[in-house]
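A short worksheet on the structure shown next.
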Amino acid sequence: EVTYNTIIHGFCLAGKMEDALSLLDKMEANGCYPNITTYTTLIDGFAKSRDLVGASEIWNEMISVGCRPNVVAYTCMIDAFCSNSMFNQAYDLLGTMERDKCSPNTVTFNVFIKGLCAKGRLDWAMELFDEMEKHGCTPNVTTYNEMLDGLFKVGNNRNAFELVTAMEQRGIKFNLVTYNTIIHGLCTCDKLEEALKLVGRMVIEGIKPDRFTFNTLIHSYSKQGKVESATRLLESMSKVGSHADIVAYTSLICGITEQNDLEAASVYIHRMISEGIFPN
RNA sequence: AUCGACAACCUUAG
């Protein structure tokens, strides 16, 4: 079963849900019984493909063969509802979990909060954020990162920075994503100097800026017309082990093009191609 | 009172 599960997981990651399903059929035909992991893998795959019908079909099959959903299965199904913006159904399922003596955990709430944040439903996300403690689920750094990102993206920088302060007070260690999220938030409101200060701070903390960090800054510099700085950043990436990728080049080239410097733009297009990165 | 191996959450351009 593990072998089947692993391959099914591979198909799900590739978004090839038809192949995943035919493998499920095959495993059943060969006398292998799908287990809870098989079902959660498939439900998660459908959730990520935003295919609620597919997810529900697996869910129903799981129930009909007498396989009891566990916390992962419920969480994946909540994810499926959330990716379809069906938050009321997701919330109902959260209630079902409690009744089913299958308590949600921090990941369950994180999935729900992520879905709400993705749709700008920060009001509801903040409620859940408060509510999860009452369910015995402590927000972790991922929870905070999701909330921060959501708050910045709806332009609620004030609450975002309050949350940053709260994290510091509660001793939540910032990770790479935390820094990248805040840096992105600062860049979005053109506070590039503040963003650079944070880069300095993360380095001091021993956290290496990655391509998300660089790309965010390159985009921001390009947008502000500071193409030289953007270029310098892109050039420096390889020195710290992050290879410039399609996002870095696209951001820089957009900036250069804004300046009507088409020759420079074509230089970078050729360079990215020579590095095996093809413009899309 | 679990041999081991498989499943769920966060950040970047367009």
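Small disclaimer: the values here were computed from a predicted structure and weren't measured. All values below come from the heavy atoms of this structure, side chains included, with hydrogens, waters and symmetry mates left out.
Between the P atom of G4(B) and the CD atom of Glu1(A) lies a distance of 16 Å, rounded to the nearest Å. Rounded to whole Å, atom P of C9(B) lies 20 Å from atom CD1 of Ile172(A). Note: CD1 (Ile8(A)) to P (C6(B)) measures 15 Å, nearest angstrom. At whole-Å resolution of the value, CG in Leu13(A) and P in A7(B) are 9 Å apart. Rounded to a whole Å, the CD1 atom of Ile43(A) is 16 Å from the C1' atom of C9(B). Distance NE2 (His135(A)) to P (C9(B)): 21 Å, rounded to an integer number of Å.
As judged by a 4.0 angstrom heavy-atom cut-off over every strand, Val111(A) is placed among residues touching the sugar-phosphate backbone only. Using a 4.0 Å heavy-atom distance criterion, Thr216(A) is classed as a sugar-phosphate-only contact. Within 4.0 Å of Thr41(A), counting heavy atoms only, lie sugar-phosphate atoms of the nucleic acid but no base atom. Contacts of Ser251(A) with the nucleic acid, taken as non-hydrogen atoms under 4.0 Å apart, involve only primed sugar atoms and P, OP1 or OP2. Backbone-only engagement by Asp44(A) is indicated by non-hydrogen atom pairs under 4.0 Å involving sugar-phosphate atoms exclusively. Residue Lys223(A) is classed as having no contact, given no heavy-atom separation below 4.0 Å to the nucleic acid.
Residues Tyr221(A) and Arg232(A) bring no donor and acceptor atom of their side chains to less than 3.5 Å of each other.
Between Lys48(A) and A7(B), a side-chain N or O to OP1/OP2 separation shorter than 4.0 Å is absent.
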### Query
Going through the distances and angles, do Thr142(A) and Asn145(A) end up as a side chain to side chain donor-acceptor pair (under 3.5 Å)?
CA-CA 5 Å; Thr142(A) 299; Asn145(A) 291 344; 5.2 Å; no
### Full working for ring pair (Phe, Tyr, Trp, His ring centres under 6.0 Å) between Phe109(A) and His135(A)
CA-CA 10 Å; Phe109(A) 281 96; His135(A) 288 78; 5.4 Å; yes
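Between Lys208(A) and Asp210(A), no side-chain nitrogen of the basic residue sits less than 4.0 Å from a carboxylate oxygen of the acidic one, so the salt-bridge criterion is not met.
Side-chain atoms of Asn105(A) and base atoms of A8(B) include a donor and an acceptor less than 3.5 Å apart.
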